[in-house]
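Any value given below was found using the heavy atoms of this structure, including those in side chains, with hydrogens, waters and symmetry copies removed.
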Amino acid sequence: PLFDQSRKAADEAVQLLGKENFAAAAYERQVSKINNLRQNMTDQLSQMVKDLTKALSASDRHRFADLLRRPQPPPNS
């Protein structure tokens with residue numbers, strides 16, 4: 001639901017940008033709403049990862065951390 005709400009809020013922000021009479025305050029409120037929704041998604045994901053990790057052994061936590069690491073960028077040729 002949060003992802004859908006975030007997508008809808010972003011669509012509404014774009015609509016505000018396209019209106020003939022741009023309402024900066026309304027746009028700022030919409031951007032704030034988007035930021036709050038994104039923060040809520042991040043908080044929920046962090047909590048889920050923390051809860052999952054509690055149940056893992058040390059070796060499983062290590063493997064899980066490896067899965068979450070971003071790949072190294074390729075070396076410049």
Side-chain angles (χ1 to χ4, degrees):
L2 283 177
F3 181 80
D4 292 338
Q5 290 174 7
S6 180
R7 174 73 49 96
K8 182 180 178 195
D11 290 344
E12 291 170 2
V14 170
Q15 288 178 355
L16 289 170
L17 289 172
K19 288 191 172 187
E20 187 169 329
N21 293 320
F22 177 63
Y27 177 74
E28 288 175 13
R29 284 191 302 273
Q30 199 63 25
V31 168
S32 180
K33 180 179 179 179
I34 294 165
N35 289 336
N36 288 334
L37 288 165
R38 288 178 178 169
Q39 185 61 52
N40 288 342
M41 287 190 294
T42 299
D43 292 347
Q44 284 185 6
L45 179 60
S46 296
Q47 185 64 46
M48 288 174 24
V49 167
K50 184 173 72 172
D51 292 346
L52 171 70
T53 302
K54 287 180 186 178
L56 299 176
S57 67
S59 62
D60 287 341
R61 282 195 313 273
H62 182 75
R63 284 193 296 265
F64 183 58
D66 286 342
L67 289 172
L68 296 178
R69 282 190 181 86
R70 294 182 183 189
Q72 294 291 329
N76 292 335
S77 327

Decide yes or no on side-chain hydrogen bond (donor to acceptor under 3.5 Å, both in side chains) for Gln39 and Asn35, but give the supporting numbers first. CA-CA 6 Å; Gln39 185 61 52; Asn35 289 336; over 6 Å; no

Evaluate Arg69 against Asp66 for salt bridge (charged side-chain N to carboxylate O under 4.0 Å, His left out), listing each step before the verdict. CA-CA 5 Å; Arg69 282 190 181 86; Asp66 286 342; 2.4 Å; yes

Report the C-alpha separation of Lys33 and Arg29 in whole Å, then their side-chain angles, then the decisive distance to 0.1 Å, and conclude whether the side-chain contact (heavy atoms from CB on, under 4.5 Å) test is met. CA-CA 6 Å; Lys33 180 179 179 179; Arg29 284 191 302 273; over 6 Å; no

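Between the side chain of Ser46 and the main chain of Thr42, a donor-acceptor pair closer than 3.5 Å is present. In this structure a side-chain-to-backbone donor-acceptor pair under 3.5 Å is present from Arg61 to Leu56.
Side-chain contact between Gln47 and Asp51: present, with at least one pair of heavy atoms (C-beta onward) separated by less than 4.5 Å. Proximity of Val31 to Tyr27: side-chain heavy atoms (C-beta onward) are separated by under 4.5 Å at one or more points.
The pair Lys8-Asp11 fails the salt-bridge criterion, with no side-chain N (NZ, NE, NH1 or NH2) lying under 4.0 Å from an Asp/Glu carboxylate O.
Contact between Ala9 and Leu37 at its shortest, heavy atoms only, is CB-CD1, 4.1 Å. Between Ile34 and Ala13, the shortest heavy-atom distance links the atoms CD1-CB, 4.0 Å.
Within 6.0 Å of atom CZ in Phe22, more than 12 heavy atoms from other residues, nucleotides or ligands are found, so the atom counts as buried in its surroundings.
Under the 4.5 Å side-chain contact rule for hydrophobic residues, Leu68 and Met48 do not share a cluster. Hydrophobic clustering of Ile, Leu, Val, Met, Phe, Trp and Tyr side chains at less than 4.5 Å, counting indirect connections, unites Leu45 with Phe64.
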